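We're numbering straight along the sequence, starting at 1. Note that the coordinates shown come from a computational prediction; the quantities given were computed from them, not determined experimentally.
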Amino acid sequence: MTSASSTVLLLGGRSDIGLEIAERLAPGNTIVLAARRSEDLADERARLEGAGAAAVSTVEFDADALDTHADVLATVFREHGRVDTIVLAFGILGDQAAAEVDADHAVAVVHTDYVAQVSVLTHSATLLRVQGSGRLVVFSSVAGVRVRRANYVYGSAKAGLDGFASGLADALHGSGVRLILIRPGFVIGRMTEGMDPAPMSSTPGQVADAVVGALKGSRDVVWVPGRLRPVFFVMRLLPRAVWRRMPR
């Protein structure tokens, strides 16, 4: 758990999972919600104030506008003095069928779920290194552990992000900055609304509990639920001819 009077920056201020995390970290702390149309975050602000946040502020943030990332993050650090925890909770699932024939859509998914994350992580890590402390929470996915035909565009972006975040975590070792990589399975929420839940699905609240547990503990790679880790150890060994027919 964050220390008293700490500042938490949530990049993706409308995210189901992100708000669940912020709600758990809110008591006595300052929460900064970053999202597009940040003036429309009144409900989210009220929710976190009701959870006991000492203060809730908002900042305009467009994940796909890479040229704005440095200024947005610098502004948050300047206004709050220091930032203790940064949660990257933005992303899109996209439409796999469309992405297979529409290159623009495929690139849009990869841009948001990988390129934009790389940009934010690099800027954030630089600021936290200068600060000398802080935590980064990054969401990979089991979809990126071994990419499946059924969602290979989204899965490939998560695979890239997983690799980048793993390498960045190693680069940050000894700097005072900690990166926590979360690998959830299917999460039942707005992003997956209308889809049939996969086996071993989780709710945003369950993912948030795992994240907060990791912040309090020492684990830097967290599978949600935990039993997915041995399952995917086996799945990595499946012949490709079998893997090709695996559903979402």
Using modelled atom types and a 3.5 Å cut-off, is there a donor and acceptor pairing between side-chain atoms of [X] and backbone atoms of [Y]?
X	Y	result
Gln96	Val153	yes
Lys216	Val211	no
Gln131	Val83	yes
Asn151	Tyr154	no
Asn29	Ser5	yes

Going through the distances and angles, do Val145 and Trp223 end up as a side chain to side chain contact (heavy atoms under 4.5 Å, CB included)?
CA-CA 11 Å; Val145 174; Trp223 297 69; 3.7 Å; yes
Verdict with reasoning, Glu20 to Val207, per side chain to side chain contact (heavy atoms under 4.5 Å, CB included)
CA-CA 8 Å; Glu20 291 280 353; Val207 177; over 6 Å; no
Checking [Y] against [X]: is there a side-chain donor and acceptor pair closer than 3.5 Å?
X	Y	result
Ser133	Arg178	no
His111	Asp64	yes
Thr7	Asp84	no
Arg135	Thr85	yes

Taking all non-hydrogen atoms of both residues, which atom of [X] and which atom of [Y] are closest, and how far apart?
X	Y	answer
Gly91	Thr112	CA-CG2, 4.0 Å
Ala35	Gly13	CB-N, 3.7 Å
Glu60	Arg37	OE2-N, 3.0 Å
Pro27	Ala51	CG-O, 3.5 Å
Ala159	Val147	CB-CG2, 4.1 Å
Ala89	Gly18	CB-CA, 3.9 Å

[atom1] of [X] to [atom2] of [Y]: how many Å apart, nearest 0.5 Å?
X	Y	atom1	atom2	value
Glu100	Tyr152	CD	OH	4.0 Å
Ser124	Phe77	OG	CZ	6.5 Å
Thr30	Arg82	OG1	CZ	12.5 Å
Ser38	Asp40	OG	CG	8.0 Å
Leu19	Glu23	CG	CD	8.0 Å
Asp113	Ile92	CG	CD1	5.5 Å

Assess whether side chain to side chain contact (heavy atoms under 4.5 Å, CB included) is satisfied between Leu121 and Leu168, documenting all intermediate values.
CA-CA 9 Å; Leu121 282 169; Leu168 177 58; 4.0 Å; yes
Side chains of [X] and [Y] in contact at under 4.5 Å (non-hydrogen atoms):
X	Y	answer
Val224	Val142	no
Val187	Phe139	no
Leu11	Ile86	yes
Gln117	Phe90	yes
Leu215	Ile180	yes
Val59	Leu33	no
Leu10	Ile21	no
Thr203	Gln206	yes

Greater than 12 external heavy atoms within 6.0 Å of Arg129's CZ
yes
Do Thr58 and Arg45 pass the side chain to side chain contact (heavy atoms under 4.5 Å, CB included) test, and can you show the C-alpha distance, the side-chain angles, and the key distance before you say yes or no?
CA-CA 8 Å; Thr58 62; Arg45 292 185 64 158; 3.8 Å; yes
Mutual orientation of the aromatic rings belonging to Phe61 and His69 [parallel < 30°, tilted 30-60°, perpendicular > 60°]
tilted
Scan Leu161, Ile182, Val120 and name whichever one has a side chain to side chain contact (heavy atoms under 4.5 Å, CB included) with Leu88.
Val120
